[in-house]
Number of protein chains: 2
Amino acid sequence: MRIVKDAEERKNEILDAADELFRLKGFDGTSTNDILEKVGIARGGLYHHFKSKEDIMDALIERYKVRLLGAAREIAADRSIPVNERIVRVVMAMNISGGSGREIMKHIHKPQNALMHHKMQKVIISGVTPILAGIIREGIEQGQFSTPFPYECMEVAVAYASSIFDDTVEMTDEERASRIQAFIFNTERLLGAERGSLMCIARAFGGSNGGSHE
Amino acid sequence: MRIVKDAEERKNEILDAADELFRLKGFDGTSTNDILEKVGIARGGLYHHFKSKEDIMDALIERYKVRLLGAAREIAADRSIPVNERIVRVVMAMNISGGSGREIMKHIHKPQNALMHHKMQKVIISGVTPILAGIIREGIEQGQFSTPFPYECMEVAVAYASSIFDDTVEMTDEERASRIQAFIFNTERLLGAERGSLMCIARAFGGSNGGSHE
DNA sequence: TCTCAACAGACCGACTGACTGTCTGTTATA
DNA sequence: TATAACAGACAGTCAGTCGGTCTGTTGAGA
């Protein structure tokens, strides 16, 4: 039987199916037949909407990008929130690490999804860095931070954060906590911020009380 | 015709061929038939020495690892070289960026080689970071650096360096130079080093004289 | 306003070529 | 003669193609 739907709707159905399957079995581990079966369409239908399997992945990444960066921009623009707090919220929204949307990143960090991971990281780094840099510049105006390279500082922080929280390397909670400690310390140094002024970030991450365990 | 060789020799022939082909066409773009043809053996031969195509990649990475980290360790252990200079040489030996062995990295940073890139980065980061951290600790003893997190500092630096010098993102020479500038500045801050004390690193990288272009 | 032909785009499913990994058999070497 | 190195036919899978079919829409004529 043949069910005709609006193109956008079908595309989204395909993306939803691919999303779940890639999450479960990875990109390489998922065949187009798996997607076909899940959506309930035939090969021709899929290749009518997407020109290749990789094209599906790119569309998925684009969807993530719009969602994640949209949320980040919204938060970043809200001047009623203090700078520190805004940074935390942007980072949480990107779920580079823990937080509500951690789900999205989880499956992207599997070795089978290396290409997806790579593309996603590029999108995140190139997208969120200027947003964060903008907030940092506000902080500099307010005398909270001091660096000639706000953009590059954020580049460092984002690159490090996404390498630390890469789920392919397994870590004990203790290791994780001390990484976060070091991350905060290092970021404060980079930004020329007062010691402890970014501690709120550590507190925001996954219920850890900041790395020390007394 | 049938030519029998010592297993190690054959393995290396296969790795050499794979190395060159992956470099040219990427991992996914290279078929096992390509390798077979280049080496001049049949399928059975290849699968006698390696259990899968990915196994070949892993062996290649292992070979890189031994070569790169061996060189790095040798340099790091040479106490006759001053700390600063040793850092430069280790970094050059790893060719995370410019330098003699840049070749090796070049093809690894192609999107088609995402998985290889990912595995390689893991090996580098986990291998070279402790080596560099050791040198930094010497520098701390000598009063040159000051940080409670030498290991994590190097983790940051290595992660950032390998993200900056990722050849998948294209950069003008000017951008590159200013990235290096920022990188040096940030690293000095992280290490609590005197301003300009790491400038020798910038000078060492690819003929750039430190970012300014006169 | 109703009808119907013409069209565009959504969808089908058999087919192709390519590729990885296996298996049985063969040759060389210690 | 036993064992490791190798050959090559083969099976199974998968991504992508292609000619064709179905369906919703549109617009002209009655």
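Chain identifiers are assigned alphabetically (A, B, ...) following the order of the sequence lines, protein sequences preceding nucleic acid strands; residue numbering begins at 1 within each chain. Quick note: numbers below take in every heavy atom, side chains included, and nothing from hydrogens, waters or symmetry partners.
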Contacting residues from residues 40-50 of chain A, given that a heavy atom lies under 4.0 angstrom of DNA chain C: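 Going residue by residue through residues 40-50 of chain A, the ones with a heavy atom under 4.0 Å of DNA chain C turn out to be A:I41, A:A42, A:R43, A:G44, A:G45, A:H48, A:H49.
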Measure the acute angle between the ring planes of A:H118 and B:H117, then classify it against the limits of 30° and 60° as parallel, tilted or perpendicular.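 The arrangement is perpendicular - the two ring planes meet at more than 60°.
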Would you call the rings of B:F183 and B:Y160 parallel, tilted or perpendicular if under 30° counts as parallel and over 60° as perpendicular?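 B:F183 and B:Y160: tilted rings.
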Rounded distance in Å - [atom1] ([X]) to [atom2] ([N]):
X	N	atom1	atom2	answer
A:K5	C:dC12	NZ	P	11 Å
A:K53	D:dC14	NZ	P	9 Å
A:R10	D:dG24	CZ	C1'	15 Å
A:N33	D:dG16	CG	P	12 Å
B:L36	D:dA7	CG	P	8 Å
B:E37	D:dG8	CD	C1'	15 Å
A:K51	C:dA10	NZ	P	17 Å
B:D28	C:dA18	CG	P	17 Å

Among side-chain atoms of B:D19 and B:Y64, is any donor-acceptor pair under 3.5 angstrom?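 A pair is found: one side chain offers a donor N or O, the other an acceptor, under 3.5 Å apart.
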Among D:dC6, C:dC19, D:dA15, the one nearest B:S31 by side-chain distance: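 Of the options given, the side chain of B:S31 lies nearest C:dC19.
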Check the phosphate of D:dA15 against A:T32, side-chain N and O only, distance under 4.0 Å to OP1 or OP2. Yes or no?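 Checking D:dA15 against A:T32, a side-chain N or O does come within under 4.0 Å of OP1 or OP2.
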Within-4.5 Å side-chain heavy-atom neighbours: A:N12 and A:R63: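 Touching, per the 4.5 Å side-chain cut-off.
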Are any non-hydrogen side-chain atoms of B:M92 and B:I75 less than 4.5 angstrom apart?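 Side-chain contact under 4.5 Å: no.
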Nearest non-hydrogen partners of A:D34 and A:G29, listed with the distance: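 Distance-wise, the nearest heavy atoms are OD2-O, 4.0 Å.
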